[in-house]
Amino acid sequence: MPELPEVERARALIADRALGRRIETVDDRDEWVCRPHAPGEIAHALTGATLTQAHRRGKTMWVQTDADAVLGLHLGMAGRIVVDAAADGDRPGRGEGDGDQSGEAHPRGWDRFTLRFADGGRLALRDKRRLGRVRLDPDLSDLGPDAAEVGREAFRRAVGSGTAPVKARIMDQSVIAGVGNLLADETLWRARLHPMRPAGELTAGELDQLRRELRAATRSAIRRGGVHTGELIPARRRDGACPHCGTPLERATVGGRTTWWCPEEQR
DNA sequence: ACCTATGTTGATAC
DNA sequence: GGTATCAACATAGG
């Protein structure tokens with residue numbers, strides 16, 4: 001699920017529903033998700049604090065409090081944020097409680113980290129695969145500019161170099177932050193660029209086009225509920241044909257990830 | 001049963 | 001330093 005658009009929706013959920021609430025207890029017992037913190041360390045830093053602001057850069061979120069501690073949250077590959085009974089990405093009318101996840105095999109369900117508020121509600125990181133991450137005072141210095149905000153000049157400079165395929169380049173979080181496997185494919189398809197083109201060989205015009213389509217694809221996905229609401233992504237599993245011209249899509253591994261593109265339109 | 005795939009990241013090696 | 005590969009986690013599906 002989580003690329004920049006999904007993370008932005010999670011951030012907005014926190015901003016809308018969790019700010020101003022006082023933390024009464026913290027469940028930070030999952031030592032893998034909370035590494036390198038020892039159990040109780042995050043709890044100690046946050047108990048009694050009130051959440052004040054929710055931020056995001058790329059796929060990393062951080063929540064400020066009226067204490068010194070900053071709570072860093074990363075959804076990994078399958079994580080979601082749950083506030084009270086609502087999870088980000090829920091469809092209206094279809095609530096998602098703990099439901100079938102609280103069976104005996106999973107005493108805490110898949111909630112790997114939970115803040116319980118003084119008002120009785122809660123915020124949780126729900127993550128089957130435990131590839132999400134919770135930590136205090138996260139280091140953001142290795143992240144490039146946010147993919148939804150980056151300006152034209154900064155984008156040209158950051159993306160337009162190196163011999164790696166352009167797809168790998170835009171997925172490199174230190175180059176620009178927020179692009180994952182699906183958003184990369186969707187964006188390159190919209191920009192009509194072949195994913196294997198060496199990044200350093202793109203012209204300024206192609207880089208500008210790539211940035212425009214990246215911003216457009218990102219904003220559309222945020223508005224519509226996730227990167228699966230694009231055009232290319234649903235086509236992969238539907239009929240495997242380019243939504244523009246009907247040409248069968250190609251599939252290969254690029255930058256270590258499964259990649260789909262239209263061999264007719266993407267050059 | 002066994003093998004593959006999966007929205008990410010980080011460590012490691014060349 | 002830039003690039004490529006593999007491992008970390010857990011589940012789903014052929």
Side-chain angles (χ1 to χ4, degrees), chain A residues 1-11 29-36 56-62 72-81 87-89 100-101 103 105-113 125-135 138-144 146-147 157-189 195-201 214 217-218 221-222 224-230 232-237 240 251-260:
Chain A
M1 228 184 335
E3 299 189 39
L4 188 157
E6 289 82 2
V7 179
E8 173 54 25
R9 288 173 73 93
R11 187 207 63 79
R29 287 174 290 174
D30 192 311
E31 295 185 58
W32 175 256
V33 167
C34 296
R35 73 191 183 284
R56 178 194 61 75
R57 181 150 162 206
K59 304 172 197 171
T60 297
M61 291 181 280
W62 65 99
L73 297 168
H74 197 293
L75 300 179
M77 208 175 227
R80 313 174 71 182
I81 293 295
D88 64 277
D100 53 354
Q101 298 177 9
H106 301 281
R108 280 173 269 166
W110 289 309
D111 292 352
R112 311 301 186 179
F113 176 83
L125 171 65
R126 180 168 297 172
D127 180 14
K128 289 186 210 191
R129 293 183 61 181
R130 299 172 80 208
L131 289 168
R133 195 83 190 259
V134 179
R135 57 166 314 165
D139 178 15
L140 307 172
S141 63
D142 288 337
L143 287 179
D146 188 83
R157 230 180 305 118
V159 175
S161 68
T163 59
V166 58
K167 176 171 175 179
R169 189 82 186 163
I170 61 175
M171 285 197 304
D172 183 336
Q173 304 301 300
S174 67
V175 173
I176 50 171
V179 180
N181 191 41
L182 301 186
L183 186 58
D185 279 1
E186 183 78 20
T187 298
L188 290 164
W189 175 76
M196 294 179 186
R197 287 274 299 282
E201 294 178 12
L214 173 57
T218 302
I222 291 172
R224 298 166 66 171
V227 71
H228 281 99
T229 62
L232 179 72
I233 298 311
R236 301 174 313 172
R237 305 191 64 163
R251 178 195 156 146
T253 297
V254 180
R257 314 285 277 112
T258 298
T259 301
W260 297 77

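All chains are named by letter (A, B, ...) in the order of the sequence lines, taking the proteins before the strands, and each is independently numbered beginning at 1.
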>> Please classify the nucleic acid contact of A:Arg169 as base, sugar-phosphate, or nothing, using heavy-atom distances under 4.0 Å.
In response: sugar-phosphate

>> Can you tell whether the side chains of A:Asp146 and A:Arg56 come within less than 4.0 Å, N to carboxylate O?
In response: yes

> Tell me: CZ of A:Arg130 to P of C:dA10, nearest whole Å?
Replying inline: 5 Å

> Quick one: is A:Arg257 getting a side-chain N or O under 4.0 Å of the B:dT6 phosphate, OP1 or OP2?
Replying inline: no

> Within the structure shown, what part of the strands sits under 4.0 Å from A:Gly180 by heavy-atom distance: base, sugar-phosphate, or nothing?
Replying inline: sugar-phosphate

> In whole Å, what is the span from the CE atom of A:Met196 to the P atom of C:dT3?
Replying inline: 16 Å

> Do the side chain of A:Glu3 and the main chain of A:Leu182 share a donor and acceptor less than 3.5 angstrom apart?
Replying inline: yes

> When you match A:Met171 and A:Arg129 each to their closest nucleotide on DNA chain B, which lands nearer the 5' end?
Replying inline: A:Arg129

> Using purine N1 to pyrimidine N3 plus N6-O4 or O6-N4 for Watson-Crick, or N1-O2 and O6-N3 for G-U wobble, each under 3.5 Å, what pairs with C:dC9?
Replying inline: none

> What interatomic distance, in whole Å, is found between P of B:dA1 and the corresponding atom of C:dC9?
Replying inline: 22 Å

>> Taking the nucleotide of DNA chain B with the nearest heavy atom to each, does A:Arg236 or A:Arg133 sit closer to the 5' end?
In response: A:Arg236

>> Taking the basic N atoms (NZ, or NE/NH1/NH2) and the acidic carboxylate oxygens, is any pair closer than 4.0 Å for A:Arg9 and A:Glu6?
In response: no

> To the side chain of A:Lys128, which of B:dT9, B:dT6, C:dA12 is closest?
Replying inline: C:dA12

>> From CZ of A:Arg237 over to C1' of C:dG13, roughly how many Å is that when rounded to an integer?
In response: 9 Å

> Would you say a side-chain N or O of A:Thr258 is under 4.0 Å from OP1 or OP2 of B:dA5?
Replying inline: no

>> If you only use heavy atoms from C-beta on, which nucleotide in C:dA10, C:dA8, C:dA4 is closest to the side chain of A:Trp32?
In response: C:dA8

> Reckon A:His74 has a side-chain N or O less than 4.0 Å from the OP1 or OP2 of B:dT9?
Replying inline: yes

>> One pair to check against side chain to side chain donor-acceptor pair (under 3.5 Å): A:Ser161 and A:Arg169. What are the steps and the verdict?
In response: CA-CA 9 Å; A:Ser161 68; A:Arg169 189 82 186 163; 3.2 Å; yes

